[in-house]
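For reference, the structure discussed in these notes is given below.
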Amino acid sequence: MTCYDLHSHSIASDGSLSPTALVERAVEQGVDVLALTDHDGTEGIAEAKSTAQQLPITLIPGVEISVTWKNKTIHILGLNIDESNQTLQQGLAQMRDVRVERAQLIAERLSKAGIHGALEGAQEFASDVMLGRVHFAQFLVKNGYAKDVNEVFKKYLVRNKPGYVPGTWASLEDTVNWINAAGGQALIAHPARYKLTATKLRYLTTEFKELGGVGLEVVSGRQHPEEVKTLARLAEKMDMYASCGSDFHSPENEWVELGKLSALPVNTQPIWQLWQ
Ligand code: AMP
Ligand code: MN
Ligand code: MN
Ligand code: MN
């Protein structure tokens, strides 16, 4: 059986491995097909591709784009994209500006809470292409404000906490258009993680499909089997494709490993049917 893992991160966003180390680890873990899906950027793909060429693994170029939909942040995966596409890259360049502005606001808010130098501090943990909340978390842990990244998020970086700044991300429509322009497939990442009611999730999925989205990430790392079943039924009912991905970020998170995923339920149409 071919092992697919279609959602992972490198140091080109908020993962901790270089693209090369990520691909090597995927091979060690028995992954046959790996998608690199860094947040809002594709800078890791060239390196991942060239490493994959030397090894028994297929690299699918991907991206995970941050979207603001009805005041909520939703993540949309673009799989099998042509990362050199100009429409996509212009969109991602806008996202980078949004991230820089948000990072400045996060640093200002932390500064008001008595924590200074957060912008420079977070930058030390980030590549020069993407600055995210994880990098602020790493800075805050290093300076003793919390014991680990999870605790920092709870204490500082989520709604109603001193370092929280809601991102004003891309629209769902633009995001789907960028991915489709780049010849890729757009899927809703980890649909169970947004705490949407069943009705609202169906509403999101319907709108997404009308805009040109084609699938749902039915299997995600650390997911409850009941959620998998519910999402598989939704994909089936909506006549959409299904994908599976670990959302691997770092070997330090012992709960999530590359390729360690339950199989897609039999009533789903795997997204890779489109790639054969
Ligand atoms: P950003 O896109 O910069 O707002 O950061 C979102 C990223 O932060 C996610 O992709 C995760 O990698 C990470 N993240 C979000 N919530 C948590 C949490 N509670 N604990 C640890 N990491 C988190
Ligand atoms: Mn992340
Ligand atoms: Mn995500
Ligand atoms: Mn992810």
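Not measured: the values here are computed from a predicted model. Numbers here simply count residues along the sequence, with the first being 1. Whatever order the structure lists them in is the order used to number ligands and atoms, beginning at 1.
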Heavy-atom check, side chain of Val63 versus side chain of Asp38, under 4.5 Å: no

Mutual orientation of the aromatic rings belonging to His39 and His9 [parallel < 30°, tilted 30-60°, perpendicular > 60°]: parallel

Contact check: Asp14 to the Mn ion (ligand 2), N/O/S below 2.8 Å: yes

OG1-CG distance between Thr37 and Leu187, expressed to the nearest 0.5 angstrom: 11.0 Å

Metal proximity, His75 vs the Mn ion (ligand 3), N/O/S cut-off 2.8 Å: yes

The Mn ion (ligand 3) to nearest N/O/S of His7 below 2.8 Å: no

Enclosure of Glu252 CD (heavy-atom neighbours >12, cutoff 6.0 Å): no

Short side-chain donor-acceptor distance under 3.5 Å, Ser246 and Asp5: yes

Atom name of the N, O or S atom in Asp247 that lies nearest to the Mn ion (ligand 4): OD1

N/O/S from His249 sitting under 2.8 Å away from the Mn ion (ligand 2): yes

The Mn ion (ligand 3) to nearest N/O/S of Glu64 below 2.8 Å: yes

